[in-house]
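What's counted below: heavy atoms across the whole structure, side chains too, no hydrogens, waters or symmetry copies.
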Amino acid sequence: MRDAFSFCRICSGLCGVRVTIDDDGRVAKVRGDKGHPITEGYACIKGLNADVEGTRLLHPLKRMPDGSFERIGVEQALDEIAEKLAAIIARDGPDAIATYRGTANFNNQSAFQMLPTWMQALGSASFFSSLTIDQSAKVVSMERLGIWAAGRPAFEGSDVWMLIGANPLVANSLSLGGFPGNPLKTLKSAKDQGLKLIVIDPRRTETAEFADIHLQPIPGQDVAIASGLLRIILTEGWHDAAFCARYANGLDALIAAVAPYTPELVEARAGISAHQLREAAEAFARNASRGIVRTGTGPDFSPHSNLSEHLYEAINVVCGRYLREGEPVWNHGALSPERHPRAEVIPPKRSWETSRRTRVGGYGMLVGEQMTGALVEEILEPGPGRIAALFVAGGNLVPALPDPARTLAAFASLDLMVTIDPVMTATARASHYVFAPLGQYERADITRDAHAFKRPFAQYTPALTEPPQGSELVEDWYPFWALAKRLGLSMTYSGVPLDMDAPPETETLLEILTRDAKIPLSELRRHPLGKIYDFPARQVLPPRPEATGRFEVAPPDVVAEIAEVLAEATAPGFSHLMVSRRMRETMNSALTDLPAVRQRHRYNPAFLHPDDLAELALAEGDEVEIASAHGTIIGVAAADARLRRGVLSMSHGWGRVIPEPGSDPRADGTSVAPLVSGTHEREPINAMPRFSAIPVNIRKAKA
């Protein structure tokens, strides 16, 4: 046995780990590294078990005509795929080739950059990712509202933090308002130093247990809540008038648009008392001066997500909750090029209005990506521009998209589908070819700069173990380089042309990615536990004379949407609203089959308040039929007294997407995707489906 140090790449938490490797060179145990300068021994169950247990693929597979899969050599598979690609491109052009990036690809730095490199080499604009099927409302908000170039204040040192539909003690996402390092320790320390925590969530989550103020609203009423908060702040004069005068357009229009959202109206719509709403607004805007509003998947999975995000971020704007001229920026990145933060607004881009549009629905693009909510239609709709081939890198699209039967029909119509995944997911089973990638401790990697940390931190990990004997695994980036070579394409990786005769080493790719970083990779390799770099603070500089950008807090389309929501009626005929919830042991659709997870959770229960169970004449463990306007699923009832009454709460990503006769939700779990429409109730800009606050009826399932 020997121990080595690395960091977990299941999510963006970057938890430091100590990996025990047995005499056969395999991972025997993973535990939190107590000497890690950031996480100090913290690591969640996902990271501790993902590479120790479970079934993984060890060889490439090819789907046969009868639907079965057989082993195939890597190079033979690539030869066959390249031949099919060449025919598709010759017939339909490069845009017929699409790529989808999943979470696993986001957390693999060398592979992350290879995907856009591959698409640029092809000349295809058909790039999709989990970004636009998860929290793309945040991108829409930035492009409608604008961005503050100097950034937001860090969690540490803030005197208030407002979280909406987020549970960072479970999700631990650094990029979305999480608590950096050891989440619980960080939160407790901040509260000891006077932080006031405000949580808005229909469930008293693990994070809400620490809240000074917890508002427990009716799901899907974020527009009313955000508008009500803005109305109180603006009418009471608790906003930063000087900041607004210098940097914001449309303040008077915003005041007029939110004027109808009185505390009494918000109480009627969202079920939050007028007193509670005012208490939250006062605690955030009047009684505190440093700290921000952050949202999670709750508002972004719910209806009107783009408008909700805009209004919540507008609270930060009107309160001026950004780093100001002269303030120190301690974390300006260790692996980033030198930059000088400035007190100026990057004006709205509204790129979806000028970019290419989908054939169906007319959706534009965000940050160079097409909308994943429109992917199925781009496959199913015949005619010029149809997607004929799809590459899925580190994601499981079938349970992630609405209406899995329609998704599977689309995938079955493809000329070619290729998936890179360590397990045989529902998406992999729909593919023609499946490549098995290296495990996270079988490849070298670097952390991405996490600006949530108070100080700049970076870590490098070498490959700690060799692939299992007899396996045929690939680096996640390799198939794309190899296919480009076979197609006679040139690739420019992060600005550097690649040798197309011999494949690069992953270490070479990491060197390219860090060539302009403040800390060279050679220095980073000297610190196996990672290092917090003691750079001098960068002062926020004044705006450039030519920087005239301003926030647009009330553009015409936002004002119109606020009025539309005000006039909206509640959907009749449904008794409950279904919301999504995080589970500590899983990551979206990943890891649900791990033995360690199944020991704790054999399935994803359908949680209801105990009084709702009693009213429906249900007992814990009963199978229940859950019906939306779109579909019906069977779940297993469970009690959760921390839920608001009238709310059903379930985790997504579980179960068979299309249950077979005799399927047992207690054995397989339940997929909630059939409740979601793939064509209705989508956001107009980004095609985001309604995954939460779904009206449903519940009754005991027939035997």
Side-chain angles (χ1 to χ4, degrees), residues 141 152-153 155 158-169 176-177 179 187 190-191 194-240 254-255 257-296 298-300 302 304 307-321 553 562 565 579 642-644 647 693:
S141 173
R152 301 178 171 99
F155 177 73
S158 293
D159 55 6
V160 71
W161 210 256
M162 183 185 288
L163 289 171
I164 299 99
N167 190 11
L169 288 187
L176 303 173
F179 309 136
L187 176 58
K191 286 188 66 66
L195 176 93
K196 298 298 181 184
L197 179 64
I198 304 166
V199 174
I200 303 177
D201 199 292
R203 183 169 76 94
R204 189 162 182 83
T205 62
E206 292 81 351
T207 303
E209 291 289 345
F210 291 88
D212 298 278
I213 299 172
H214 175 213
L215 308 185
Q216 204 163 1
I218 296 169
Q221 294 296 328
D222 291 286
V223 171
I225 296 167
S227 296
L229 290 168
L230 280 164
R231 185 186 189 278
I232 293 170
I233 292 167
L234 292 168
T235 56
E236 292 290 348
W238 296 340
H239 61 295
D240 189 327
L254 180 64
I255 292 171
V258 301
Y261 288 89
T262 64
E264 293 72 25
L265 177 72
V266 176
E267 181 172 354
R269 288 206 166 196
I272 297 170
S273 74
H275 168 74
Q276 283 183 309
L277 188 73
R278 183 179 178 86
E279 182 186 21
E282 188 168 10
F284 182 82
R286 183 187 187 189
N287 299 339
S289 60
R290 190 175 182 84
I292 59 174
V293 175
R294 292 307 301 259
T295 60
D300 288 18
S302 298
H304 310 297
L307 179 58
S308 299
E309 278 289 347
H310 184 100
L311 293 172
Y312 281 130
E313 187 61 29
I315 297 174
N316 290 327
V317 172
V318 301
C319 293
R321 296 299 172 84
V553 296
I562 294 173
V565 174
V579 300
R642 297 180 298 176
L643 274 171
R644 181 189 174 97
V647 176

In sequence, state the C-alpha distance, the side-chain angles, and the governing distance for Trp238 and Val318, and then conclude on side-chain contact (heavy atoms from CB on, under 4.5 Å). CA-CA 9 Å; Trp238 296 340; Val318 301; over 6 Å; no
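Between Asp300 atom CG and Ser141 atom OG the span is 9.5 Å, to the nearest 0.5 Å.
Nearest heavy atoms, Ala211 versus Val199: CB-CG2, 3.8 Å. The minimum heavy-atom distance linking Phe284 with Val160 is given by the pair CD1-CG1, 3.8 Å. Ala270 and Arg644 get closest at one heavy-atom pair: O-NH1, 4.2 Å. Nearest heavy atom pair, residue Ile233 against residue Ala285, reads CG1-CB, 3.7 Å. Contact record, Val223 with Ser308: CG2-OG, 3.5 Å, taken as the closest heavy-atom pair.
In this structure the side chain of Ile218 never reaches within 4.5 angstrom of the side chain of Arg269, judged on heavy atoms. Looking only at side-chain heavy atoms (C-beta outward), Leu311 and Leu254 come within less than 4.5 Å of each other. For the pair Gln216/Gln276, no side-chain contact is recorded, criterion being any heavy-atom separation below 4.5 Å from C-beta on. Residues Ile225 and Ile164 are not in side-chain contact: their nearest non-hydrogen atoms beyond the backbone lie 4.5 Å or more apart. With a 4.5 Å cut-off on side-chain heavy atoms, Phe155 and Leu195 count as touching.
With sequence neighbours excluded, no residue forms a salt bridge (Lys or Arg N to Asp or Glu O under 4.0 Å) with Glu279.
For residues 221-240, the set of pairs meeting the salt bridge (charged side-chain N to carboxylate O under 4.0 Å, His left out) definition, not counting sequence neighbours, comprises Glu236-Arg278, Asp240-Arg324.
For the side chain to side chain contact (heavy atoms under 4.5 Å, CB included) with Ile292, the qualifying choice from Leu163, Asn316, Ile315 is Asn316, the only one to do so.
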